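Report on the following structure.
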Amino acid sequence: MASIRSMNFQSLDLNLLRVLEALLETGSTVRAGERVGLSQPAVSAALGRLRHALGDPLLVRQGQRLVPTDYARGLAGPLREALDRLRAVLAGPEDWDPGRAEMTFRISGSESQADLLMPRLAAELAGVAPGIQLQLLELGTPGFLDRLERDDADLAILPEMDLPPWAEGRRVFVSRLTMIARSGHPELAGLAAGAEVPLDLFCGLRHVLASPDGRMQGMGDAALARLGRARHVAMTLPNFSGVCRVVEASDLVALVPGHAARAGIGRGTLRAHVPPVELPPVPIAMVWHRRDAAAPAHRWMRGRIAEILALLDEGGPPL
């Protein structure tokens, strides 16, 4: 098998790399052809030239799909990054106009983004960038950033965390933890909205917990343990939106970031109370892949999203 080191790079048609990128992402000569504007026979011919140039089969037939070889899997990430950088360089900031843009921007986030971000973002884009389509994708677990790394999303909005070397991020707002209960909760009848919940009452209530992996401890339990206390967690759900819906329809209560409960509080179906233990605020960040950092369209969208989410800030460390 010929070594990659022996390949004459100057003789390689760079358009073949676009075909290889499409093949690696789709696993199909037909879909790859649709993506790059070539017929299926032309894609097959391009794959033959790539195999000869790189000295590797690259993709092999497995059922109805083309499956990459180990060598091709190793090429996928670096190839996508290199082509993305090249596309960004060739586009140039002066060539991008939001008013004329035709693109899809994919945001990976929690269900609460559907209430807090997407309506405002849709209204803004309708006036200045009507050709931009928006997709809100489920954040997913366990790897919150997996969609970004696979290039299945353009941006993720999630609690601030340590980032891998390939990612960049920016804090966009800080949310404070609040205890929520349904309006008319019988055990909270004598407590004014916004008042602090007494510790004994807080621990005696039945709680629902947002826990993607089903663990029965979460935000607030460590603070209670330091006081020698514990709460009764009766249910877990994978996300805050589900938690808020359960609280609205039952006598369970929950600790959630304030932004997650805004919709229910605004409707009057939820009431917010101050928890009896001091809890750190929750910084929320937007995160993107470094390959998109300099792209004019991506920078513009990040700016619009950051402006909208900054309106949710409830105080905390400087942004």
Side-chain angles (χ1 to χ4, degrees), residues 18 21-28 31-32 34-35 68 73 76-88 91 96 98 101-122 124-125 129 131-173 210 212-213 238-242 257 259-260 282-310 312:
R18 292 178 57 241
E21 177 191 38
L23 284 167
L24 291 172
E25 291 180 356
T26 65
S28 163
R31 292 202 302 275
E34 292 171 351
R35 181 172 296 190
R73 272 193 291 270
L79 174 63
R80 185 172 59 235
E81 290 182 20
L83 290 176
D84 283 339
R85 289 194 195 101
L86 182 58
R87 282 188 280 259
W96 194 80
E102 299 285 342
M103 60 177 287
T104 298
F105 196 83
R106 304 157 300 172
I107 302 168
S108 179
S110 66
E111 286 187 37
S112 60
Q113 307 304 331
D115 293 323
L116 301 174
L117 170 64
M118 301 305 279
R120 292 185 176 92
L121 187 56
E124 179 172 334
L125 294 188
I132 296 181
Q133 294 178 311
L134 296 173
Q135 290 183 328
L136 179 64
L137 311 173
E138 189 176 10
L139 194 60
T141 55
F144 291 117
L145 300 178
D146 286 352
R147 285 185 180 274
L148 293 179
E149 188 174 19
R150 297 195 307 264
D151 199 25
D152 291 337
D154 301 297
L155 190 76
I157 301 170
L158 69 173
E160 201 169 64
M161 62 174 64
D162 292 333
L163 297 177
W166 53 262
E168 294 182 3
R170 170 185 171 183
R171 182 181 296 182
V172 284
F173 70 96
D213 55 7
N239 54 58
F240 290 120
S241 295
H259 73 275
V282 181
I284 305 297
M286 60 180 183
V287 182
W288 57 92
H289 201 291
R290 288 185 183 274
R291 64 174 170 260
D292 296 320
H298 204 283
R299 289 204 311 268
W300 187 86
M301 286 295 300
R302 295 199 304 264
R304 304 292 73 72
I305 291 169
E307 287 179 7
I308 292 171
L309 293 180
L312 305 175

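These figures come from a predicted structure and were not determined experimentally. Both backbone and side-chain heavy atoms feed into the values below; hydrogens, waters and symmetry mates do not.
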Run Leu125 and Arg120 through side chain to side chain contact (heavy atoms under 4.5 Å, CB included) and show every step you take. CA-CA 9 Å; Leu125 294 188; Arg120 292 185 176 92; over 6 Å; no
At their closest point, which heavy atom of Ala153 faces which heavy atom of Ser108, and how far apart are they? CB-CB, 4.0 Å
Show me the side-chain donor-acceptor pairs of residues 163-170 shorter than 3.5 Å, one per line, residues at least two apart or across chains.
from: Glu168; atom 1: OE1; to: Trp288; atom 2: NE1; distance (Å): 3.1
from: Glu168; atom 1: OE2; to: Arg290; atom 2: NH1; distance (Å): 3.0

Output for pair (Arg31 CZ, Thr26 OG1), nearest 0.5 Å, gives 5.5 Å
Do Arg80 and Glu21 meet the salt-bridge criterion of a basic N to acidic O distance under 4.0 Å? no
Residues Ile107 and Ile305: closest non-hydrogen pair is CD1-CD1, 3.9 Å
Who pairs with Pro159 by side chain to side chain contact (heavy atoms under 4.5 Å, CB included), at least two apart in sequence or on another chain? Val282, Ile284
Nearest 0.5 Å, please: how far is CD in Glu25 from CG in Leu79? 8.5 Å
Does Arg147 use its side chain to pair, donor to acceptor, with the backbone of Glu138 at less than 3.5 Å? yes
Take Arg291 and Asp151 through the test salt bridge (Lys or Arg N to Asp or Glu O under 4.0 Å) and record every step on the way to the result. CA-CA 10 Å; Arg291 64 174 170 260; Asp151 199 25; 3.2 Å; yes
How far does CE of Met301 sit from CE of Met286, to the nearest 0.5 angstrom? 10.0 Å
Cation over ring face, Arg302 and Trp300, 6.0 Å, 45°: no
Could you tell me the separation between the CG atom of Leu158 and the CG atom of Leu145, rounded to the nearest 0.5 Å? 6.0 Å
Could you check if a side-chain atom of Asp152 sits within less than 4.5 angstrom of a side-chain atom of Leu137, using non-hydrogen atoms only? no
Measure centre to centre between the rings of His298 and Phe105, then say whether the value is under 6.0 Å. yes
To the closest 0.5 Å, what do you measure between CG (Asp154) and CZ (Arg106)? 4.0 Å
Non-hydrogen atoms of Gly109 and Leu136 that approach each other most closely: N-CD1, 4.1 Å
At their closest point, which heavy atom of Pro68 faces which heavy atom of Leu24, and how far apart are they? CB-CD2, 3.8 Å
Distance check, rounded to the nearest 0.5 Å: Glu160 atom CD versus Arg171 atom CZ? 4.0 Å
Does the pair Leu155 and Val287 meet the rule for a side chain to side chain contact (heavy atoms under 4.5 Å, CB included), with working shown? CA-CA 6 Å; Leu155 190 76; Val287 182; over 6 Å; no
